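Here is the naming used below: chain letters follow the sequence lines, and residue numbers restart at 1 for every chain. This is a predicted model, so every value here is computed, not measured.
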Protein chains: 2
Amino acid sequence: MALIQRHPLLTSAFISIGLIASSSLMAWDGLVEKQTFELENFTTQGGETIPEVSVGWEAYGELNEARDNAILITHFFSGTSHAAGRYGTEGEPTGYWDAIIGPGKPLDTDEYYIIASDTLVNLNAHDPNVTTTGPASINPETGEPWGMDFPVVTIRDFVEVQRELLESQGIESLHAVMGASMGALQAFEWASAYPDRVERLIPVIGGGVADPWLLATLSAWGAPIRLDANWNEGDYYDGEPPTDGLKEALKLVTLNANHWEWANDTFNRDWVDEDRDPAKDINARYAIEQTLDDIAAARAETSDANHLLYLVQANQAFMTGHGDSLEEGLAAIDAPTLMLYSESDLVFAPEGVRHTAELIEADGTEVTLETLEGDRGHLNGVLFIDQASDTLRAFLE
Amino acid sequence: MALIQRHPLLTSAFISIGLIASSSLMAWDGLVEKQTFELENFTTQGGETIPEVSVGWEAYGELNEARDNAILITHFFSGTSHAAGRYGTEGEPTGYWDAIIGPGKPLDTDEYYIIASDTLVNLNAHDPNVTTTGPASINPETGEPWGMDFPVVTIRDFVEVQRELLESQGIESLHAVMGASMGALQAFEWASAYPDRVERLIPVIGGGVADPWLLATLSAWGAPIRLDANWNEGDYYDGEPPTDGLKEALKLVTLNANHWEWANDTFNRDWVDEDRDPAKDINARYAIEQTLDDIAAARAETSDANHLLYLVQANQAFMTGHGDSLEEGLAAIDAPTLMLYSESDLVFAPEGVRHTAELIEADGTEVTLETLEGDRGHLNGVLFIDQASDTLRAFLE
């Protein structure tokens, strides 16, 4: 794309080459194979050792001989490593950022080796396409699920597992690390902890400081689980899981990640049952309530309640392991940074994103800020990422 | 105040008169006596009859002989009729809008008779200064608390009880009706249902349409109560009440009514216990979480969980009893309208407030919009109302 931008006359030639490349035998066909990475032992930043850690991963494109064309994609709170492509036949839903990852796309699989892994304590512990280690995993020492005895893990711990995964493939440095929301937090941690290994940083819809508002929001997400009697202090693996609490938690996540523009554009004031008027019947409800419940119920099927609590804790503690202050952690970042964010974000307020940019820039590191439009608030960064295609292409070149 | 604004030279004379008046025997001394209004029967808009309805009320200033100087103050979701003054000795906290209600204040008790009443299903059912009728009240037919057998009531029902209260004092028309948040909803209903009785309408931090986002937000507030096993389908009056669920509900109300500017201005990332790092201990927490829990626990002491659920239902059904559409209800408003709102409101989005103004204005009704500044989001309309003092004075004259 550099050629196109600098020499407009070469545009059509370039596009032709692109088309040939993407239809050639070398081009990635969009099919994804989930793989598993295992560690015999993993020691957390908190000093606890977890035996038999495994996480899922997938990759798109080819690692070059110099092993210097890798882009790491880090996933959001309720996400997985399935960032692009599809597991099976045509028609299956593709990964969440398929719009920008693939042959000829901004994260061009003809050029880059794009790799994504499931985090520790991944929310979707019961999704057959997810491999993670967390409270729902069997503790090899007891033969029982860990439950709340699982050590607290941090965003930095997620990064350390990714580092081991990359090193197992001989990858010592990243062309870029890019992630949305909790993925942005991992990206910040990467660039701060390993400034020599990260060439470009692309945090999307995420700030670099876990401010009090975020602490409180995350706290509210976890609370419904602890209220559910089935939660039983996290010990529910041989009984009924706290599904009602988990559903309510996921409903809050869905609401907070969206925006009133979306709610008011998408829904109306219809009742669930047209014969039961909520103005007359205390158990009658509105269609939007039912829809949000249905979304939450579907997500709850593959999610684990304890994993959600551990994710809350990891996000809250974000960035606190770097020196004496959060500012110090951000100042350690040297990689040129592209921050994509949403002005209507209700999770990571735009003021916080801009403040983060200032802290990274303070010592001269180059930061570019660009907004993502849409009616989905925070989720603009997941659903409408394609509007940043040109910016991403130029930044990655 | 008309004199001051039109003839600046008369200002000091007017102020002297004001000072004399407010120190005369006629001036309200700021002491409030809570009174009770009773109805033998009340029939809801839904067609259910509730026997022995009683609500608390208080008033500041004197009703004139023409009985045409009354201003009705309608309270917010978690509020009561205690809008101004204090019940007892110096040092006691005053009512929530004391800054603008009193001798010489914008809602001048030397001029107006200002009256406020507790709504039906008031949240603070267990506050000794609140009188309300709702699920926690004894059903005279059974001698037991109503629980979830209490009929659904609507914002319009709140208005009808207020109309009965006012008529019992011979008040047929209102100089103004003014309320914040759920109080604004009552004010809209008043002006729409009784355009001939409302001379001025002052909705604060409230929109005139219960849009899908508000439906979902209210739904989220009620959910933790239903999750608490002690809730027991609302039948808890002879056992343990669902205090944990109620506290979590009130925590969400507190968070939604505030704003990240407040959270980040007021709190830091301190831990509850400096020896227990949340990055290492899954049960360790941040100070902001504890503070929000403490606020919620204090509010829960006087609140009733079922009442909260009934308030949710009332707010969701707001404005649906007027003709075929919400638009029709707002178009019926004839009173000149002053809408005060907050651009950072996370409950009633500013877009919705401005849309409401358009719908009221559509047939030529005069609407003035003015913003309230502050770092408290929605709560700017309760805590920082004094910044609208000049506007209120001019509008009320």
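- Listed by sequence position, Glu261(A), Ala263(A), Asn264(A), Phe267(A), Asn268(A), Arg269(A) are the residues of residues 261-271 of chain A in contact with chain B, using a 4.5 angstrom heavy-atom cutoff.
- Looking at Asp281(B), only its backbone comes within 4.5 Å of chain A, counting heavy atoms on both sides.
- For the atom pair OG (Ser137(A)) and CD1 (Ile50(A)), the distance works out to 9.0 Å, reported to the nearest 0.5 Å.
- Highest contact tally toward chain B, considering only Ala229(A), Gly47(A), Ala279(A), is held by Ala279(A) [criterion: heavy-atom pairs under 4.5 Å].
- Between Phe188(A) and Phe318(A), the ring planes are tilted. Angles from 30° to 60° get that label.
- Of the two parts of Lys251(B), only the side chain, counted from C-beta on, holds a non-hydrogen atom closer than 4.5 Å to a non-hydrogen atom of chain A.
- Going from atom NZ of Lys280(B) over to atom CD of Gln45(A) covers 9.5 Å, rounded to the nearest 0.5 Å.
- Using a 3.5 Å distance cut-off with no hydrogens or angles, the side chains of Asp304(A) and Tyr236(A) do pair a donor with an acceptor.
- Atom CD of Glu240(B) is surrounded by 12 or fewer heavy atoms from other residues, nucleotides or ligands within 6.0 Å.
- Heavy atoms closer than 4.5 Å to chain A are found in both the backbone and the side chain of Pro224(B).
- Using a 4.5 Å cut-off on side-chain heavy atoms (C-beta onward), Val153(A) and Thr133(A) make no contact.
- Here the CZ-CD1 distance, from Phe348(B) to Ile205(B), works out to 8.5 Å after rounding to the nearest 0.5 Å.
- Between the side chains of Thr291(A) and Asp294(A), no donor-acceptor pair is found at a separation under 3.5 Å.
- Neither the backbone nor the side chain of Asp157(A) comes within less than 4.5 Å of any heavy atom in chain B.
- Considering only heavy atoms from C-beta on, Phe158(A) comes within 4.5 Å of Met182(A) through its side chain.
- Of the possible donor and acceptor atoms, one in the side chain of Thr356(B) sits under 3.5 Å from a partner among the backbone N and O of Gly208(B).
- If you take NZ on Lys247(B) and CG on Leu250(B), they are separated by 10.0 Å, rounding to the nearest 0.5 Å.
- In terms of non-hydrogen atom pairs under 4.5 Å with chain B, the most contact-rich of Ser219(A), Gly46(A), Ala284(A), Gly245(A) is Ser219(A).
- At a 4.5 Å heavy-atom cutoff, the contact between Leu252(B) and chain A is made by side-chain atoms alone.
- In terms of heavy atoms, Asp235(A) sits closest to Asn232(A) at O-ND2, 2.8 Å.
- Within residues 307-317 of chain B, the residues having any heavy atom closer than 4.5 Å to a heavy atom of chain A are Leu309(B), Tyr310(B), Gln313(B), Gln316(B), Ala317(B), listed by residue number.
- Top candidate by heavy-atom pairs under 4.5 Å with chain A, chosen from Gly234(B), Ala216(B), Gly352(B), is Ala216(B).
- Side-chain contact, Trp221(A) with Asn256(A): a donor N or O sits under 3.5 Å from an acceptor N or O.
- For Glu48(A), no part sits under 4.5 Å from any heavy atom of chain B, backbone or side chain.
- In the model, Asn380(A) has a side-chain atom that pairs as donor or acceptor with a side-chain atom of Ser342(A) under 3.5 Å.
- At distances below 3.5 Å, not a single donor-acceptor pair connects side-chain atoms of Glu248(B) with backbone N or O atoms of Ile225(B).
- If you measure heavy-atom distances from Leu227(B) to chain A, the contacts under 4.5 Å come from both the backbone and the side chain.
- Note: Leu215(B) leads Leu292(B), Leu215(B), Leu346(B) in heavy-atom pairs under 4.5 Å with chain A.
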* salt bridge (Lys or Arg N to Asp or Glu O under 4.0 Å) between Glu358(A) and Arg354(A), worked out -> CA-CA 6 Å; Glu358(A) 286 166 18; Arg354(A) 288 190 288 263; over 6 Å; no

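- Remark: the backbone N or O of Thr119(B) is paired with a side-chain donor or acceptor of Thr132(B) at under 3.5 angstrom.
- Interface residue Thr154(B): only side-chain heavy atoms are found under 4.5 Å from chain A.
- In terms of non-hydrogen atom pairs under 4.5 Å with chain A, the most contact-rich of Asp228(B), Leu255(B), Asp244(B) is Leu255(B).
- Contact count versus chain B (heavy atoms, under 4.5 Å) is highest, among Arg285(A), Arg226(A), His259(A), Met148(A), for His259(A).
- Comparing Ala349(B), Ala287(B), Pro242(B) by how many heavy-atom pairs each has under 4.5 Å with chain A, the most go to Ala349(B).
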